[in-house]
J.: 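Got a structure for you, written out below as structure tokens; questions coming shortly.
Letters go in sequence order (proteins before strands), and every chain restarts at 1. Because only heavy atoms are used, hydrogens play no part in the values below, and waters and symmetry mates are left out as well, while side chains stay in.
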There are 2 protein chains.
Amino acid sequence: MDEAPRAGFARIFRGPAFTPVSPTEVAVLDDHLFCVDPAGTVARVLAADDPEAVELLAHHRAAGTLTEAAPGQYFLPGFVDLHVHAPQWPQLGRALDRPLGDWLMNYTFPLEARYADPVFARQVYTQLVENLLRQGTTTAMYFATVHTQASVVLAEICADRGQRALVGKVTMDDRSSNPDFYWDADTASALDGVVEFIERVHGLGSGGLVLPVVTPRFIPSCTDRALAGLGEIAARYGVHVQSHCSESDWEHQCAFDRYGRSDAESLDGFGLLTGRSVMAHCVHLSDRDAELFARSGTAIAHCPVSNAFFADAVLPLRRRLDEGLEIGLGTDISGGFAPSVRTALREALVQSRTLDHGADPGRPAPERGTHDGHIVLEEAFWLATAGGGEALSLPIGRLAQGYAWDAQLVDTTAAGGLPLFDVRDSRDVLDAILLVSGAEHIAGVWVAGRRVIGD
Amino acid sequence: MDEAPRAGFARIFRGPAFTPVSPTEVAVLDDHLFCVDPAGTVARVLAADDPEAVELLAHHRAAGTLTEAAPGQYFLPGFVDLHVHAPQWPQLGRALDRPLGDWLMNYTFPLEARYADPVFARQVYTQLVENLLRQGTTTAMYFATVHTQASVVLAEICADRGQRALVGKVTMDDRSSNPDFYWDADTASALDGVVEFIERVHGLGSGGLVLPVVTPRFIPSCTDRALAGLGEIAARYGVHVQSHCSESDWEHQCAFDRYGRSDAESLDGFGLLTGRSVMAHCVHLSDRDAELFARSGTAIAHCPVSNAFFADAVLPLRRRLDEGLEIGLGTDISGGFAPSVRTALREALVQSRTLDHGADPGRPAPERGTHDGHIVLEEAFWLATAGGGEALSLPIGRLAQGYAWDAQLVDTTAAGGLPLFDVRDSRDVLDAILLVSGAEHIAGVWVAGRRVIGD
């Protein structure tokens, strides 16, 4: 008898599961085994009635390395949150009625300036990471602040707590466009700080769990020299890049005024649109900008909640998906008030329909909306999981062979139970999990095979 | 010493509180006493540093009739949900991607037909009422089904469990527009059933906690004879009326095709727009319809989540508020996927902004939206509480003298705590409660002074 495959699995997870297999298709796996290797990767998926499964179950049950879903529990991929301003956690939900300038200058920037204090940073970031894990967010892409030390603290907390994370020390060195209490004092030291940050994150020994990200806040807050320098650093280290792109009418126009070309073209000119780039919002991309995104492999972090407050319009999600762009979801803490990718998923559905049918009942129906279609629930699930994984070029967001076991176990019987009286098939259960469940229904969360939430 | 006022209070609630005082103004009461009489009405509100407060506190503490907020806890009015299809609870979140006809004929109507069985009704409605109370919904306006017995069961459960409720047995007697497995078999017995239902609810002895509502499903599902009969019954018994009005382009057009006038005008012609009428959706009202609403005292149940799926447009909320219409919020279970008025509040904010700035980034900004303004958080709070109370002409939705003690106690430290690191004033706390908190932060709920959730 060949013992090797069994001995090769560190743990087996057994239960029903939902996983995206394409942007429009969900696999409903009714009773399956997910065999995870010591590196935390799914090495094998097989149905529980496969003859081999019986043996594997016996072996791992005896060894205490079997995790079984209880009745009413379902495995899903963990959520991928592509856009989080970590330092803004203390003001989540606050002051969103204020105009952007007021919100930035009187709330956001004074708060971000406080992360000069690494003790404050550790206190906030510890709570943030804990909260996002409880929400089922197994991967988060973070903007930190300009402060190297506090940014490293965030990376350390993610590594210690076991959240997969992409962390960026923010660059904002243009003296004319940043507040005098919060900016990079000079360009050379800003770039040196980014290099130092990348090397310190690489030195954490997180086994690739936490990755550094080159992070110009956005074009309007950076000098050309900084933008060019960041493009070079990104190429030299092969790291991810994140920024904001064409979020609002104002931001979209800024690049035209400064460079005579679009925000996307300008970022590309600085070497900042790569296969590892994720740009937040992108509501106002032209179709030509979208082609540039597709060609360069740049992904969109779609942040529907904050877009309602700051973007002046709705992302044409149906169109961008049809163009084959890589797209995932972002909470945009704290431009968005909701810490959960679940809420972003729901709001993406709602806004996609609103764009399609239109908003103003004072216009006749044919002139009201774009009438070019909306996304469906399968696609929203994709965006929240596998779409985020593809955006990051990481093997995450699916429960499938070769992917990391970054997973959540949803208990439909918890917290009074989801209303599932009349279930015809498992797809009904998925509808309720995606649209109705909350963090209180999460019974367990794993990242790279390690349990990070639950007993 | 005059003992009468103290003896007259059944219980005193002490703590900080937030309550709307007008559509645009919130009172922040930092440490106050709310003195509730034996009928469950707030008889007196006074600051804790009022000399009389000391005596009252001592008296009620000794008597064990003092409830004090712990640090981090705040009293708010309970939520008022103006539009709930109670029988649809088992399919919450399900099949919303389906077109309306499919959703009704293959999901909703077959499910509603099952309430011919009062045992099934009791099972579902018990869970529904429990869940809504946990969400902080102290008052709900319910559509039940055509079944008299099952509708009475819902009223009984609300009375027993202590939820303030307005319950309607649904009328849908037009043979041509309803499915053959679910409709009122004939008009006369449908109307008799409504009268029987009203009298049985009046006979429950709930002390006014549960009220019957005349409930034509909507014009397209009723005969003229039924609509006229319902108008007469509403007048004869002086009860509330609820229905749907101009929800979608299709529904808005139906009345023109049938009567040559609008849905609102048609409802009015049958005597169904009264000071106690609440109409769901109303997205496509003309300005003349809105004047009719204002004149008759008819209220709008704004259901932003379900509107995204079924209404073809966004309610012009800013305009309707400025016209002085009575407006509250509805979850529209299960046309909406969220059981909480909190979600409706947030979605009302989001959609109001979307209508204002517009959705399609392909249009120039000036042509994109209505640019006539959006609501702010204070108004969203009003809609979820006092606005709902005014819509129902009931003394609820405020923590103020003469109003019922229908209240929720929100614990900002529960479930890991709301992110409140940096609070400048209590208004910051209210922002986080309204935009970030969930049912898991509710430490207690009271209706008419009776504790219905919590120890």
Side-chain angles (χ1 to χ4, degrees), chain A residues 89-97 111 114 123-124 127-128 130-131 134 249 283-285 305 308-309 312-316 337-339 346-347 349-351 353-355 357-362 365 368-370 376-377 415-422 428 431-432 434-436 438-440, chain B residues 89-97 111 114 123-124 127-128 130-131 134 249 283-285 305 308-309 312-316 337-339 346-347 349-351 353-355 357-362 365 368-370 376-377 415-422 428 431-432 434-436 438-440:
Chain A
W89 175 248
Q91 67 173 15
L92 188 69
R94 196 177 305 166
L96 288 173
D97 278 339
L111 173 57
R114 292 187 58 189
Q123 182 195 1
V124 172
Q127 289 198 26
L128 168 63
E130 184 68 30
N131 192 294
R134 273 194 212 162
D249 287 309
V283 169
H284 298 270
L285 292 190
V305 177
F309 292 91
D312 308 319
V314 171
L315 177 75
F337 52 72
R346 294 164 194 171
E347 194 59 39
L349 266 177
V350 161
Q351 290 191 18
R353 298 185 79 106
T354 301
L355 179 63
H357 59 56
D360 181 5
R368 193 183 295 146
T370 56
V376 296
L377 191 61
L418 294 177
L420 290 167
F421 287 70
D422 224 25
D428 286 347
D431 283 11
L434 295 180
L435 292 182
V436 186
E440 66 274 23
Chain B
W89 175 249
Q91 66 174 17
L92 188 69
R94 195 176 306 166
L96 288 173
D97 278 339
L111 173 57
R114 291 187 57 189
Q123 182 194 2
V124 172
Q127 289 198 25
L128 168 64
E130 184 69 30
N131 193 295
R134 273 195 213 162
D249 288 309
V283 169
H284 298 270
L285 292 189
V305 176
F309 292 91
D312 308 318
V314 171
L315 177 75
F337 53 72
R346 294 163 194 173
E347 193 59 39
L349 267 177
V350 162
Q351 290 190 18
R353 300 185 79 106
T354 301
L355 178 64
H357 58 56
D360 181 5
R368 193 182 295 147
T370 57
V376 295
L377 191 60
L418 294 177
L420 290 167
F421 287 70
D422 224 25
D428 286 347
D431 283 11
L434 294 181
L435 292 182
V436 186
E440 66 274 21

J.: When heavy-atom pairs shorter than 4.5 Å are enumerated against chain A, which of B:L434, B:L418, B:D360 gives the highest number?
T.: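 The candidate making the most pairs under 4.5 Å is B:D360.
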J.: Select, from A:N131, A:L315, A:L349, A:V124, the one with the greatest count of heavy-atom pairs under 4.5 Å involving chain B.
T.: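 With the most close heavy-atom pairs to chain B, the winner is A:V124.
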J.: Counting only non-hydrogen atoms closer than 4.5 Å, does A:L285 touch chain B with its backbone (N, CA, C, O), its side chain (CB onward), both, or neither?
T.: neither
J.: Side-chain contact, heavy-atom cut-off 4.5 Å: A:T354 with A:V314?
T.: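 No, every pair of side-chain atoms sits at 4.5 Å or beyond.
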J.: Within the structure provided, determine whether A:T370 and A:P316 are in side-chain contact (heavy-atom separation under 4.5 Å).
T.: no
J.: Report which part of A:D249 has an atom under 4.5 Å of a heavy atom belonging to chain B: side chain, backbone, both, or neither.
T.: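 Side chain only.
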J.: I'd like to know if the side chain of A:D312 and the backbone of B:H357 have a donor-acceptor N/O pair within less than 3.5 Å.
T.: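 No, the answer is negative, given that no donor and acceptor are paired below the 3.5 Å cut-off.
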J.: Using a cut-off of under 4.5 Å on heavy-atom pairs, state which of B:Q91, B:E130, B:R114, B:E440 scores highest against chain A.
T.: B:R114
J.: Side chain from CB out, backbone as N, CA, C, O: work out which of these in B:D428 comes under 4.5 Å of a heavy atom of chain A, or both, or neither.
T.: both
J.: Measuring heavy-atom distances to chain B, does A:A415 have an atom under 4.5 Å in its side chain, in its backbone, in both, or in neither?
T.: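 Just the backbone, heavy atoms under 4.5 Å.
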J.: Any side-chain heavy atom of A:V350 sitting closer than 4.5 Å to one from B:V350?
T.: no
J.: Using non-hydrogen atoms only, which part of A:Q351 is less than 4.5 Å away from chain B: side chain, backbone, both, or neither?
T.: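 It is the side chain, since no backbone atom gets that close.
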J.: Using heavy-atom distances under 4.5 Å, tell me whether B:L96 contacts chain A through its side chain, its backbone, both, or neither.
T.: both
J.: Has the side chain of B:D97 got a donor or acceptor atom that lies under 3.5 Å from a matching backbone atom of A:L377?
T.: yes
J.: Just to verify, what does B:R346 make a salt bridge (Lys or Arg N to Asp or Glu O under 4.0 Å) with, not counting sequence neighbours?
T.: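 Listed in chain order: nothing, the list is empty.
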